[in-house]
**Student:** 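First the structure, which I've put down as structure tokens, then a few questions once you've had a look.
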Protein chains: 2
Amino acid sequence: MTVPSGRRERKKAATRQKIADTALRLFLERGYDAVGIRDVAAEADVAVTTLFSHFASKEALVFEQDGDFEQRLTQAVACRAPHEPLMPALRREIQALVRHCTADSSAPIWRMVDESPALREYEESMRLRHAESLARAIAADLDLSETTTACRTIARFVIDAYSLAREAADPETAVDEIFHMIEAAWEVTCPSGGARGTVPPGKAGAGRAVTSR
Amino acid sequence: MTVPSGRRERKKAATRQKIADTALRLFLERGYDAVGIRDVAAEADVAVTTLFSHFASKEALVFEQDGDFEQRLTQAVACRAPHEPLMPALRREIQALVRHCTADSSAPIWRMVDESPALREYEESMRLRHAESLARAIAADLDLSETTTACRTIARFVIDAYSLAREAADPETAVDEIFHMIEAAWEVTCPSGGARGTVPPGKAGAGRAVTSR
DNA sequence: ACCGTAGCACTAACCGTTAGCGTTTAAAAA
DNA sequence: TTTTTAAACGCTAACGGTTAGTGCTACGGT
């Protein structure tokens, strides 16, 4: 029960990678819905049960490749430069993520996702989980003992920004536009955290204290 | 091809209702996952194929009962009192919807939904559709010819308010809190009525590369 | 009165997913 | 080293949601 480091791990990882690569190739060649689990398993030369011991579902074959999305967001909050405001850091990270998944190399994959209702649903439910993680990270950053409604709300908005920008005609502009709105929402609830003064309940007007570009 | 009003419609509606009632009863009695489609069909005394000609999926048996959610939101925008600002109208409607589904009478149903991942996913994807409809309604209200990013964003935020408030300890307070944030976001993009430049000139692309449907 | 069609039923299957059980083999314990 | 353990993998068979394919029946328009 110690660390099973060695050949075994490598073989397992290799099998997993082979399955993932085969699946993605077949999906892109013939379309997600036109390829069955049994096809993937046969082509990767593994049993169906083996495939499901590596991936929890068919959709996971597509998404579980780069699982660092969640980590990147929470680390953008936790590991940012000292005294850097929260929102600009998040905006930068979302910008990077959007750029990454609208790049030409990722385009076919995302087109496939957009065309399959099953994949869209799966991604949506992933995003909700990510939003909860982000909410916890934000709450921790503010030294809150629990995730408040405000934290959850802002986290949702940030995830929405990613989702909406990805579909926009001009993703980068969309991120800026949406974060402009998010920062306004952020200011009226919790600009505290120790640094600045709280905005009184009166209208904050068009004022934008936090920088954006 | 005229209006097929008559006995036929009544019979169809009766069959549909009988299926829905039977399904909900069985689900609440034995749990959603413990009841199969074949069970529902047998108990409602219809064939499985008949069931699926009335409902698109098992999850739809739970949610397609009150399908007016979407309509209530769009009408809250379109049919509000003249000169009433947009956000208060939406806030009122969301408040009513949240109250409705946190009422004691609805409690068992929503507990069932919360306990079943399949139902949660289904509801999430419904919410996305609702957000798109709401975005169109908002765009139309502002005399925009297309659904802009800002409209889509605000629509998402409003749907998020519903979703988050439903899970909050104090739903009504949560709605107010979240709408406070939404109104701040709204003000920085669309300062009162005028359909003004939410997108800097030069980028107002109407075309879309991805996203079918 | 007659015909088109909508509603419904039945069989049989497809597809994703899981359970049960056995085999290999790498790693840990002796 | 030898023995023991358990993880990875495989096979068969099945379950549950969903969908053709086909045909029957009865309602409704003409």
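Worth saying up front: this structure is predicted, and the values here are computed from it rather than measured.
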**Student:** If only side-chain N and O atoms of B:S53 are considered, is one of them under 4.0 Å from the OP1 or OP2 phosphate oxygen of C:dG7?
**Tutor:** no
**Student:** Measure from CZ on A:F55 to P on D:dC9 and round the result to the nearest Å.
**Tutor:** 11 Å
**Student:** Can you find a side chain N or O atom of A:T15 that sits less than 4.0 Å from OP1 or OP2 on D:dA8?
**Tutor:** no
**Student:** Report the end-to-end axis angle of the helix from C:dA1-D:dT30 to C:dA30-D:dT1; each axis comes from five terminal pairs, and the value is rounded to 10°.
**Tutor:**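 Overall, the helix from C:dA1-D:dT30 to C:dA30-D:dT1 bends by 20° from one end axis to the other.
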**Student:** Taking B:V77's backbone N and O only, do any of them form a donor-acceptor pair with B:R80's side chain (distance below 3.5 Å, no angle check)?
**Tutor:**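 Yes: the side chain of B:R80 pairs with the backbone of B:V77.
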**Student:** As a test of reading the structure: which of C:dA9, D:dC9, D:dG10 is closest to the side chain of A:H54, going by heavy atoms?
**Tutor:** D:dC9
**Student:** Is a side-chain donor or acceptor of B:R30 paired with a backbone partner of B:V35 at a separation under 3.5 angstrom?
**Tutor:**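 Not at all, since once roles are kept as given, no pair shorter than 3.5 Å links the two residues.
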**Student:** As an exercise, state the distance from CG of B:L26 to CD of B:E43, rounded to the nearest 0.5 Å.
**Tutor:** 5.0 Å
**Student:** If the threshold is 4.0 Å, N to carboxylate O, is there a salt bridge linking A:D160 and A:R127?
**Tutor:**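 A salt bridge is absent here (no side-chain N lies under 4.0 Å from a carboxylate O).
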**Student:** How would you label the contact of B:D39 with the nucleic acid (heavy atoms, under 4.0 Å): base, sugar-phosphate, or nothing?
**Tutor:** nothing
**Student:** Distance check needed: D:dT19 C1' versus B:L51 CG, whole Å only.
**Tutor:** 13 Å
**Student:** When you look at B:R111 and B:E115, which way does the salt bridge (Lys or Arg N to Asp or Glu O under 4.0 Å) test go after all the steps?
**Tutor:** CA-CA 6 Å; B:R111 201 164 45 77; B:E115 280 166 1; 3.6 Å; yes
**Student:** If I take atom CG in residue B:L61 and atom C1' in nucleotide D:dT18, what distance separates them, rounded to the nearest angstrom?
**Tutor:**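 Rounding to the nearest Å, CG of B:L61 and C1' of D:dT18 are 13 Å apart.
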**Student:** Give a yes/no verdict on a cation-pi contact between B:K58 and B:Y122, requiring under 6.0 Å between NZ or CZ and the six-membered ring centre and an angle within 45° of the axis.
**Tutor:**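 Output no; distance or angle outside limits.
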**Student:** Please check: side-chain N/O of B:T15 versus main-chain N/O of B:K11, any donor-acceptor pairing under 3.5 Å?
**Tutor:** yes
**Student:** I need a per-nucleotide contact map over nucleotides 15-25 of chain C, read 5' to 3'. Cutoff is protein heavy atoms under 4.0 Å; write B for the base, S for backbone only, - otherwise.
**Tutor:** SBBBB------
**Student:** Report the distance from atom CD of B:E9 to atom P of D:dG29, rounded to the nearest whole Å.
**Tutor:**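 Computing the B:E9:CD to D:dG29:P distance gives 10 Å.
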**Student:** Measure the NZ-OG1 distance between B:K12 and B:T50 for me, rounded to the nearest 0.5 Å.
**Tutor:** 11.0 Å
**Student:** Would you kindly give the CD1-to-P distance between A:I19 and D:dG10, to the nearest whole Å?
**Tutor:**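 Between P of D:dG10 and CD1 of A:I19: 8 Å.
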**Student:** Between A:E93 and A:R72, does the salt bridge (Lys or Arg N to Asp or Glu O under 4.0 Å) criterion hold? Intermediate values first, please.
**Tutor:** CA-CA 8 Å; A:E93 194 60 39; A:R72 288 186 60 171; 2.8 Å; yes
